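Remember, predicted model here, so these are calculated numbers, not experimental data.
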Amino acid sequence: MSAEAADREAATSSRPCTPPQTCWFEFLLEESLLEKHLRKPCPDPAPVQLIVQFLEQASKPSVNEQNQVQPPPDNKRNRILKLLALKVAAHLKWDLDILEKSLSVPVLNMLLNELLCISKVPPGTKHIDMDLATLPPTTAMAILLYNRWAVRTIVQSSFPVKQAKPGPPQLSVMNHMQQEKELTENILKVLKEQASDSILVLEAALKLNKDLYVHTMRTLDLLAMEPGMVNGETESFTAGLKIKTEEMQCQVCYDLGAAYFQQGSTSSAVYENAREKFFRTKELIAEIGSLSLHCTIDEKRLAGYCQACDVLVPSSDSTSQQLTPYSQVHICLRSGNYQEVIKIFIEDNLTFSLPVQFRQSVLRELFQKAQQGHEALDEICFKVCACNTVRDILEGRTISVQFNQLFLRPNKEKIDFLLEVCSRSITLEKPSESLKGNMAAFLKNVCLGLEDLQYVFMISSHELFITLLKDEERKLLVDQMRKRSPRVNLCIKPVTSFYDIPASASVNIGQLEHQLILSVDPWRIRQILIELHGMTSERQFWTVSNKWEVPSVYSGVILGIKDNLTRDLVYILMAKGLHCSIVKDFSHAKQLFAACLELVTEFSPKLRQVMLNEMLLLDIHTHEAGTGQSGERPPSDLISRVRGYLEMRLPDIPLRQVIAEECVAFMLNWRENEYLTLQVPAFLLQSNPYVKLGQLLAATIKELPGPKESRRTAKDLWEVVVQICSVSSQHKRGNDGRVSLIKQRESTLGIMYRSELLSFIKKLREPLVLTIILSLFVKLHNVREDIVNDITAEHISIWPSSIPNLQSVDFEAVAITVKELVRYALSINPNNYSWLIIQADIYFATNQYSAALHYYLQAGAVCSDFFNKAVPPDVYTDQVAILCQFLREIDYKTAFKSLQEQNSHDAMDSYYDYIWDVTILEYLTYLHHKRGETDKRQIAIKAIGQTELNASNPEEVLQLAAQRRKKKFLQAMAKLYF
């Protein structure tokens, strides 16, 4: 060994193995010591912490010389950081249980997107359009990992999460938490929109019959090398960590089962799919064994899912004697046989076989139905609650809040039923001392809580009461009741105002918080909060549920309220009202907002205006979801309030962007174009981009009937949309002296971002407005220089035919927008033929000819009564002609060339009856004779010989023959596709 090499080895060995805590990721980055660090027994920092730090460093935005924030640079350092994060995940064997437990949704989303990128999944390509069987195993496995995580995240987001108690408020921490929360919500929204595609991808994976491979640290290192150094090793079918087919299917079946089970709450038939997937998971676990290295299933949770599926979808051969109590209760609930549920619960008070949590969940379900307007369930709720309460006291638990609330106004029927339940829930022959004591104490407490002595004597004279209490105890209790001073019965006091509600006695804080989460009654919410604040002054009760969400523009004002009770009450009323509006429970939303408005009017003009704005948005949604769907115009006062909102100029009022969007969309949907065109104040056009956009759309529609030269507004609208779809370009000189072009996807020069424009358009329903917007984007799509097949649209001629600076437009984003807009428009009206033609043209332009033909046929069918009438010529133009003989001038050259091709189908002669052009039929006769195809030649001769095709016939007969064959052909084609 040379002296120089010895010195180098000594220097290397003298370096510390553990870097300083402040720069460990830089140390790992520069020294390539990641694998050595991960091999430690207890590495510090932990692997998942490494992933977070690597990705945070790689995604840090940069700042240029003008102090402008730029996207993270795509440089060598950031690429290595992302690679290191992937290698740590590979070290963890891509175990989603570990990754989901320790990584937030945004971080894991970034990690899996990097995996898709390095696995050569084309960006922007729908996974459902990719054939997993033909992909390299590591690419297919990356797609499966992403879509498994997607459905798992959706399922996980549906579970309630108990929010941690907040510490001392720190502005920076709260801002970071708010940003992460908003980012998580955006990711969840996208995942839920793509949920059906993810499920189809996973279903397709179950059909694979080959082993897959997932990236290891070695394969990731190979991918990071120069292409010439890899020699295709990572593309082989044995690169990476082998995942057996059974292991993959087991994981996918379990995740699909959980997804279907979560969807079952809206469609009971989906529970069948969940049951099938869970029981298949059990079979696969039995095959591969529970100690599989790459398949980790929570078998206890799986058993719970299977048991739940047995309850929800019992086998068809099950009899009532074989059904479990769970199944019996579920069947009774579905059939509305609530009396049988009560009977089962009373019997269970003797056996204690049903868990208390299950019984409480049944009561919650009944409460929710009762709150939705099923008044007949009020009595059932009390009876089920009474059964649960007796079960609780027998086992030594406290009386629930629900029972106190429902028993607030006792009557003879309630007391009779309660005594019946108590009598049937205890065996008087051989009761245990604890059961006797608990039941006796309960009956005494009920008596002490009653105001009317008549009800007290009903209980004290009952056989059960006499049996459980000694004579001295009964006499003492009755004397107490007779001698006590009369008390005011608050429950019969009329409620005249929101502030006149008395608070009931204190109960357990946890039970009250549970009631606070469930209740949508504003007066009950206030009552619970008064009780909670009377018990403790240290809690912030607006944080009880992480589902209570108030827009950030409002939360600062609300959380600034000094009085703790008022702050909690305003926050919770608004959060619950917004939630009810989202789930279309408009009646409860209106009650909650009205109570909140009454409350804030007393002390905050700012919050009063906020509530008026939210009530306007609620009224818009109520009309759109109700009478507006049948085409009934909104009342004039609602239109006036919308105008008032748009023209409002109050300073310092927090405003939500969505309200402005909805107001402008509302005016366009109900054709208030005159107001938008002529009456909008000038300051609004400068300050509100949605009003500006609405004004341009309304004016463009108004100018449509006029000559092209007078359509100046169309040009203005065109320029606004072009600016929105533009990208900002920036040149940067690298270290090697070369100049590179960096593109930022969304330009800040437009009046709004493209995503905001798309969100706004998806609130529109007026066909003409949607048609105008579609034609604009179609025209913008067509002006590309590399477009081979133009897309057609109505009113496309009103737009300019060129753009001065083509390079400034993000045509990729335009193409995506066109597809999304057509999909949305067809969801509004699937029978609009012009929109169907646009969809067909898009498929044709992207070489998806089968799908294109489907939509061309559908467009023709909807405007011709399924081809019983002639298809209008502006629908099937020469550019859309399905056969050469459909053209106004028959294209014989193309027809003959097509017939000469050797790849014609054997069954082509079955379509000869649909050909009416004799020249084509004569050519077919010649062609079959030349090929020696005698049978097919005879079929062609027979078709020529039909009398109605005789060239000597009058023109009307020939046209009728053509129309008849055209109709039969199109109907035959349609039956193949519809």
Side-chain angles (χ1 to χ4, degrees), residues 158 160 185 189 265-266 364-365 367-375 377 495 497-499 501 515-529 541-542 544-555 557-558 566-601 604 606-629 632 634-635 637-639 641-642 644-645 653-663 665-666 669 763:
S158 67
E185 288 171 351
K189 182 180 178 183
S265 58
T266 56
R364 280 197 299 273
E365 182 177 339
F367 266 130
Q368 289 170 0
K369 289 183 178 179
Q371 289 172 350
Q372 291 168 2
H374 299 271
E375 296 180 0
L377 288 180
V495 178
S497 169
F498 181 62
Y499 295 95
I501 307 297
Q515 280 297 297
L516 189 62
I517 291 172
L518 291 179
S519 181
V520 289
D521 180 3
W523 289 270
R524 177 61 184 150
I525 291 168
R526 176 185 176 273
Q527 187 178 12
I528 294 171
L529 283 173
F541 292 103
W542 62 270
V544 165
S545 172
N546 67 340
K547 300 294 184 183
W548 293 341
E549 297 175 353
V550 167
S552 56
V553 292
Y554 298 160
S555 59
V557 181
I558 297 173
T566 306
R567 179 198 59 214
D568 288 346
L569 187 53
V570 173
Y571 189 100
I572 293 171
L573 288 174
M574 178 177 282
K576 284 178 174 284
L578 290 170
H579 174 73
C580 287
S581 179
I582 290 171
V583 300
K584 301 188 185 304
D585 184 3
F586 298 124
S587 60
H588 281 120
K590 194 158 191 173
Q591 292 175 15
L592 290 158
F593 281 166
C596 193
L597 175 63
E598 181 183 347
L599 180 61
V600 300
T601 298
S604 176
K606 184 183 293 186
L607 285 176
R608 178 181 180 276
Q609 188 58 52
V610 165
M611 291 313 306
L612 289 173
N613 295 344
E614 289 297 330
M615 292 184 79
L616 169 62
L617 181 60
L618 176 64
D619 288 343
I620 290 174
H621 286 163
T622 304
H623 180 267
E624 296 296 289
T627 56
Q629 288 190 328
E632 182 177 334
D637 71 304
L638 181 56
I639 296 175
R641 288 167 59 200
V642 170
Y645 176 83
I653 299 296
L655 298 175
R656 278 212 294 160
Q657 174 181 296
V658 68
I659 303 181
E661 284 185 63
E662 291 283 0
C663 285
F666 177 86
N669 285 334
K763 293 178 172 62

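- Taking the salt bridge (Lys or Arg N to Asp or Glu O under 4.0 Å) definition, one finds that E549 meets it with nothing, sequence neighbours left out.
- Checked against salt bridge (Lys or Arg N to Asp or Glu O under 4.0 Å), R567 has no partners two or more places apart in sequence or in another chain.
- Here Q657 pairs with E661, Y690 under the side chain to side chain donor-acceptor pair (under 3.5 Å) rule; sequence neighbours left out.
- For H623, the side-chain contact (heavy atoms from CB on, under 4.5 Å) partners at least two apart in sequence or on another chain are T627, P634, P635, L638, W670.
- Judged as a side chain to side chain donor-acceptor pair (under 3.5 Å), and not counting sequence neighbours, Y571 has no contacts.
- Ion pairing of K189 with E185 is absent here, as no side-chain N (NZ or NE/NH1/NH2) approaches a carboxylate O to less than 4.0 Å.
- Residues passing the side chain to side chain donor-acceptor pair (under 3.5 Å) test with T566 are D563, sequence neighbours excluded.
- H621 meets the ring-ring contact (aromatic ring centres under 6.0 Å, His included) test with no other residue; sequence neighbours excluded.
- For N669, there are no side chain to side chain donor-acceptor pair (under 3.5 Å) partners two or more places apart in sequence or in a different chain.
- R364 pairs by the salt bridge (Lys or Arg N to Asp or Glu O under 4.0 Å) definition with nothing, not counting sequence neighbours.
- A distance-only check finds no donor-acceptor pair linking the side chain of S581 to the backbone of L578 [under 3.5 Å].
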query = Would V600 and V610 satisfy side-chain contact (heavy atoms from CB on, under 4.5 Å), going step by step from the backbone distance to the final call?
reply = CA-CA 10 Å; V600 300; V610 165; over 6 Å; no
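- Looking at residues two or more places apart in sequence or on another chain, you find a salt bridge (Lys or Arg N to Asp or Glu O under 4.0 Å) between E624 and R765.
- Listed by first and then second residue, the salt bridge (charged side-chain N to carboxylate O under 4.0 Å, His left out) pairs that reach into residues 576-593 are K590-D619, sequence neighbours excluded.
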message = Test side-chain contact (heavy atoms from CB on, under 4.5 Å) on L516 and W548; report intermediate values, then the result.
response = CA-CA 11 Å; L516 189 62; W548 293 341; 3.8 Å; yes
task = Determine, stepwise, if the pair Y554 / L607 fulfils side-chain contact (heavy atoms from CB on, under 4.5 Å).
result = CA-CA 8 Å; Y554 298 160; L607 285 176; 5.8 Å; no
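- F593 meets the ring-ring contact (aromatic ring centres under 6.0 Å, His included) test with no other residue; sequence neighbours excluded.
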